[in-house]
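In what follows, a structure is listed as structure tokens, so that the remarks can point back to it.
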2 protein chains.
Amino acid sequence: MAGQTRRRGAALEEAILRAAVAELTESGYAGLTMDKVAARAGTNKNAIYRRWPNRLALGIAAYKQLGKAAPLPDTGELRGDVLELLRLVNRNWSSPAGAVLRELLAAAGGAAEFLAQLQDQSGDAAAAPWLTVLGRAVARGEVAPEALHPRVATVAVVLLRNEFVARGVPTAPDDVLVEIVDEVYLPLVRRRGRAG
Amino acid sequence: MAGQTRRRGAALEEAILRAAVAELTESGYAGLTMDKVAARAGTNKNAIYRRWPNRLALGIAAYKQLGKAAPLPDTGELRGDVLELLRLVNRNWSSPAGAVLRELLAAAGGAAEFLAQLQDQSGDAAAAPWLTVLGRAVARGEVAPEALHPRVATVAVVLLRNEFVARGVPTAPDDVLVEIVDEVYLPLVRRRGRAG
DNA sequence: GCAACTACGGTACTCGCCGTACCGTAAGTT
DNA sequence: AACTTACGGTACGGCGAGTACCGTAGTTGC
């Protein structure tokens, strides 16, 4: 075929990543083979292995291309914000990208080096929006300042994630989100002072 | 050679499972290969595949042999019980068996059929001890009866599990357990009535 | 404009391991 | 004893990760 000129450096790297992303969205991480990516990018495995040490690294790099930030909800009251935020996360984890993320987390197999690269999208960099939303609620006097604690703030999303990883549900029903918010999250953050 | 007589049925099945358990504890699920199990059991892959459809099924079956129930703590007050229960879980997840469980959860890759078989050891059959401990606290008047709700009761252990699956820590430091108990769990279950 | 270097493309390979097929033979069955 | 069933041995197909080698195109320096 000859795409005129032989690609090098950044151009080739982008082509590989595009191919990897395509494979990832079409077939998931399980279907992401080095041979297919190479073929799709119109190159060979050599060029891939010069850039990423193994399949997982390539998968993670490709996955990062999928991440996109959603605007923070602001409904004026805590319950609405929290529920909306949780629905956002649920949609994300239920989407093809979420399935890929779950595959990657599985493939990383607890290797902290790889998990760290996925945390920006899944881990507790996700604490930021929760702290923001809670901060607004504190300012409104809805919530005690003690709730501005990463472990407390992220309880809801951790419980939701548990639905996915421990139960393997493709998507969490809205009831579950409501239950998490009303039975756990709001009672927790709305406490007045410390335990008595 | 020649272990006198050729084994059949249950005897052979036990031998295979013993071999699989040994491989699992020595090399983890990643190192559990059908060939090695067959060799170790003094048989061949045929005998295995007649009993389990694939490697994961064998791995799960072998893992189930590792499960053992620990006695429920009873310190006379909720905080002690909860912390002790959490330490129990932490030790379990930090042990070789815990590492294997994590590998299996990863390999199951969210397939609900397989996850269901692992839930007895990891999922919300684990709710029972928490409900028991909370029930005692309710009887003592330490806790409001509303806390006797599976999702509420298991919050602590879900948060702990999150440390493992999302952060990939080999073991959770005791500080974290204390923090989960004091910052989240106790404030949550010790609430007086519903949120106000 | 020419040489030297670097990186791409092509290909072919090793290796590990899952899963299957075939077949002779020992164990249980009647 | 004849029959059936399951084990043991072995060999193989298939796939995919990762490596090696080499000719050649693109880039860089002179």
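Reminder, nothing fancy here: chain letters follow the sequence lines and each chain counts from 1.
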Test: B:Arg40 and B:Glu26 ion pair at under 4.0 Å: yes

Measure [atom1]/[X] against [atom2]/[N] and give the value in whole Å, please.
| X | N | atom1 | atom2 | value |
| --- | --- | --- | --- | --- |
| B:Glu23 | C:dC17 | CD | P | 11 Å |
| B:Glu14 | D:dC7 | CD | P | 13 Å |
| A:Tyr49 | D:dT19 | OH | P | 7 Å |
| A:Met34 | D:dT19 | CE | C1' | 12 Å |
| B:Arg55 | C:dT20 | CZ | C1' | 18 Å |
| B:Asp35 | D:dT10 | CG | P | 13 Å |

Side-chain (A:Thr75) to main-chain (A:Asp81) donor-acceptor, under 3.5 angstrom: yes

Donor-acceptor under 3.5 Å (B:Glu103 side chain, B:Tyr29 main chain): yes

Contiguous pairing runs of three or more, Watson-Crick or G-U under 3.5 Å, that involve DNA chain C: C:1-30 with D:1-30

Sugar-phosphate only, base, or nothing, as touched by A:Leu32 at under 4.0 Å among non-hydrogen atoms: sugar-phosphate

Test item: A:Ser27 and A:Lys36 side chains (from C-beta on) under 4.5 Å apart, heavy atoms: yes

B:Arg151 side chain near A:Glu163 side chain, heavy-atom distance below 4.5 Å: yes

Summary of protein contacts for nucleotides 7-15 of chain C, nucleotide by nucleotide, where a base hit scores B, a sugar-phosphate-only hit scores S (4.0 Å, heavy atoms): SBBB-----

Minimum heavy-atom distance between A:His149 and A:Leu131, given as atom pair plus value: N-CD2, 4.1 Å

For A:Asn54 against A:Met34, the heavy-atom pair lying closest together: C-CE, 4.1 Å

Aromatic A:Tyr185 / basic A:Arg79 pairing, under 6.0 angstrom, 45° off normal: no

